[in-house]
Amino acid sequence: MKPSSGILRPMADLDRSRESLFSTLHPLCPAVEDDVLRDFVSRMDAEYFERFPPVTIAHHVQLASRLTPDHPCELSVRPGRNQHIELSIVAYDYFSEFATICGLLSAFGLNIEEGRIYTFVDAAAAPAARATTWPSRRPQSRPGLSRKKIVDVFLVHPVSGERFSAVEQTALTQALTGMIRLLDNSQFEEARQHVNRRLVERLGKQRSAFTGLLHTVHITFDNSQSPTDTIMDIRSDDTPAFLYAFANALAMRNIYIAKAQFENDGTKLHDRFHVRNRYGQKLLDTAEQEQLRLTAVLIKQFTHALTWAPDPAKALESFDQFLDLIVQDTGKKAKSQALDFLSDKRTFPILARLLGASDFLWEDFLRRQHDNLLPMLTEYRDAPLIKPQATLRKELNRVIAKAKTDDARKEALNQFKDRELFRIDMKHIVEPTTSLPDFSLAISQLAEVIVERSLADCQAKLNKLYGAPRLANKKPCPFAILGAGKFGGREMGYASDIEVLFVYGGAGRTSGKQGIDNSEYFERLAQELLQWIEAKQEGIFHIDVRLRPHGGKGSLANAFEEVCKYYSAGGQAAPFERQALIKLRHIAGDASLGKQVEAHRDTFVYSGAPWDLALALDLRRQQIAQLVEPGKLNLKHSHGGIVTIEYAVQYLQVMHGHRHQSLRTPNTLQALAALVEAGLIPRATGESLRKAYLFIRMLIDGLRMVRGNTKDLVLPPPDSDEFIFLARRVGYTTDDWQAGAKHLQTDIDGHMKLAREFFEKMFGKV
């Protein structure tokens, strides 16, 4: 915006001319109270009066006179030159306010061509000299009068080329007022999230135009021109929402913008910001300047990739933290490599998908092991989702071979587990076409290798202390680990736990000088295993041993004879435990013993003994009543959720498995296919159930991805941002985010209705 002919050009004469300025403006705004006018004239930045003519200043004063604590901002829309629009915003001053305003203007499809922003001067920064005729005491007669104010003037034009209608002006005013209210309540993150959401929705509609946006940004710092501020001079190519992206980057680095001017010369931008650090001081440290230059540019670039992020605010916040880690914690060479990688235009969409998808991935891996992220991002394309178990074993053994102590071996195993789990998760997030069965198999096979190696190392540790366990006949006592639940079915997903059953051969004693009974040895072995595999978050690779004789009251490890006695027709196992054993599968340890347990499982589960359907349905009703909150939709336990499908399949397996050996599988989808082939379910119904099962599992993974635990599977309200982000996370990424969320809700209703109707048709109401 070109300088206008102001009424106070020599800044040195400003203080002596305050009363003259007041006299000039007074007749131009007769409805404005004197104390408001005096407050404005006495406190506004001196340069402001050089840039605007009296009539424009009077207009701004009139806007300022309408401000109250309950009405913190005013917006004026006037025709500008060359079919542009002049927007004037007068408001109370807040941190990150300029970024918020720029973001909203861009979100409403307004391209900012030029502008100037000014702020009331702090008392400490005000000139010491005062003319004797000018009052030194600030008037206090109106609520909010003493608060600092801003005047931001923008020259904009609609990107669409169409007229900015009165309806759009009203919507912009309402949106701006809402954001200012958030800032007034110190809800800075909430305001940023709202603005990001609106802006990213608009940018997403034009995503193809912005793919790979990487433009050089030149930034210089000058501390000689202002006694209070550092002047940042920025030159760059014009890109969509540049001012928002850059101002937001400064706000995220706790940089306060006191004054700014910006101009667009064709496709080039020239912006000048007067800034201070979080303590209200100049940016004098050259290292601080370089860090700010680097991070601000990268955040600005990353903003354009947010259209790929399921949750843009989460992605931007994590990226900001990620930059802190790179800048502060890495050496010069590593930092250089990281920055080279970030200069690749393909990097930002990948990072946006990754950082905007999952809290637990960030907290449990990225933040703590950020130095591994960039190498893995460069290598992930070449690595397959499902590595052969022989390859995993070889890689893990090579890592552990370098460790010389038990603690070092444990640490090496868990680091390997974390890296591989992250690789699988990342592959699934970055490549949405990855199928759920393949994703589940990759995680399940990793878990098997980790359990297998953990057993070997824990046995070696205990054998040094107590010797090897022997049976009464002095032969080696076998030990086997069997998987259950999703682990047994090779159906693990995000945040899955590892359900296991520990079984040993029988009574006896260890062979060491400090020998102990086998029962004590295997109890200690089980306890060691529970500690060996670390789970940083609840549910993620956490070992679950609840499926064992007598549940939580029983021993962690049980002799084979005890297992057979408990899980038998005359044993103490409840009907639901018979159903749960369907998932049992040998994982690690003695293969012969594992097969014996599986064979006994088949004898017990698929014996053909009557299945008490009435009791099973009653237990299902209790489950729904106790685990589903009224008015909430639980993707696991609500009727129509994943348990409805799994239980329907398992009931049929128990009821017909004695006649159809193909039904004796721990995998739900394999069992469903076998039921279709056996003629127990119509083929079309089987296909519909398969789709419903995969759909609900996908949604569960989408929730666990961000929440990082196995328990909270309550669907967010369909009108919430969380539901919209869930829709984007699981692939409903239309340009219209609301439409994507509605599409998801329709699919949820359809699949869950089908599951309910099938269950009730086969077994009755619950």
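One-based numbering along the sequence shown. The figures that follow rest on heavy atoms only: side chains count, while hydrogens, waters and symmetry mates do not.
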Chi angles and distances behind the salt bridge (Lys or Arg N to Asp or Glu O under 4.0 Å) call for Lys583, Glu499:
CA-CA 10 Å; Lys583 296 288 189 181; Glu499 296 181 61; over 6 Å; no
Other residues, nucleotides and ligands only: do more than 12 of their heavy atoms fall within 6.0 Å of [atom1] on [X]?
X: Gln661; atom1: CD; value: no
X: Glu561; atom1: CD; value: no
X: Arg546; atom1: CZ; value: no

side-chain contact (heavy atoms from CB on, under 4.5 Å) assessment of Phe479 paired with Asp590
CA-CA 6 Å; Phe479 178 79; Asp590 189 87; 6.0 Å; no
Flag side-chain contact, heavy atom, 4.5 Å: [X] against [Y]:
X: Ser496; Y: Ile443; answer: no
X: Lys410; Y: Glu528; answer: no
X: Leu672; Y: Ile645; answer: no
X: Thr510; Y: Cys477; answer: no
X: Ile424; Y: Leu446; answer: yes
X: Ile748; Y: Phe723; answer: yes
X: Trp532; Y: Ile450; answer: no
X: Phe522; Y: Val503; answer: no

Search all heavy atoms of Leu663 against all heavy atoms of Leu652 and return the closest pair with its distance.
CD1-O, 4.1 Å
Return yes if some donor-acceptor pair links the side-chain N/O of [X] with the main-chain N/O of [Y] below 3.5 Å, else return no.
X: Ser568; Y: Gly571; result: yes
X: Lys417; Y: Glu534; result: yes
X: Thr644; Y: Ala755; result: no
X: Asp517; Y: Ser519; result: no
X: Asn518; Y: Gly506; result: yes
X: Asn667; Y: Gly489; result: yes
X: Glu452; Y: Ile587; result: no
X: Glu562; Y: Ala559; result: yes
X: Gln653; Y: Thr665; result: yes
X: Arg601; Y: Arg585; result: no

Distance check, rounded to the nearest 0.5 Å: [X] atom [atom1] versus [Y] atom [atom2]?
X: Leu593; Y: Leu482; atom1: CG; atom2: CG; value: 7.5 Å
X: Leu703; Y: Leu715; atom1: CG; atom2: CG; value: 6.0 Å
X: Ile696; Y: Glu646; atom1: CD1; atom2: CD; value: 9.5 Å
X: Leu694; Y: Thr668; atom1: CG; atom2: OG1; value: 10.5 Å

Per the salt bridge (charged side-chain N to carboxylate O under 4.0 Å, His left out) rule, what does the pair list look like for residues 661-684, sequence neighbours excluded?
Glu677-Arg683
Would Glu577 and Tyr566 count as having a side-chain donor-acceptor pair, cut-off 3.5 Å?
yes
Does the salt bridge (Lys or Arg N to Asp or Glu O under 4.0 Å) test come out yes or no for Glu757 and Lys753, once each step is laid out?
CA-CA 6 Å; Glu757 290 177 347; Lys753 181 179 182 224; 3.5 Å; yes
Before accepting this row, confirm whether a basic side-chain N of the pair Lys387/Glu395 lies closer than 4.0 Å to the acidic partner's carboxylate O.
yes
Output all residues satisfying salt bridge (Lys or Arg N to Asp or Glu O under 4.0 Å) with Arg690, sequence neighbours left out; order by chain, then residue number.
Glu687
Just checking His600 against Tyr567, ring centres under 6.0 Å apart?
no
Under the side-chain contact (heavy atoms from CB on, under 4.5 Å) criterion, do Leu556 and Leu530 qualify, and how do the steps go?
CA-CA 10 Å; Leu556 294 173; Leu530 292 178; 4.0 Å; yes
Evaluate the side-chain hydrogen bond (donor to acceptor under 3.5 Å, both in side chains) criterion for residues Gln445 and Gln389: first the C-alpha distance (whole Å), next the side-chain angles of each, then the deciding distance (0.1 Å), finally the verdict.
CA-CA 7 Å; Gln445 290 195 160; Gln389 284 191 315; 4.9 Å; no
Apply side-chain hydrogen bond (donor to acceptor under 3.5 Å, both in side chains) to Arg620 and Gln623, showing your working.
CA-CA 5 Å; Arg620 179 72 180 113; Gln623 189 182 58; 2.6 Å; yes
Would you sort out whether Ser555 and Asn558 count as a side-chain hydrogen bond (donor to acceptor under 3.5 Å, both in side chains), showing the intermediate values?
CA-CA 6 Å; Ser555 301; Asn558 291 268; 4.9 Å; no
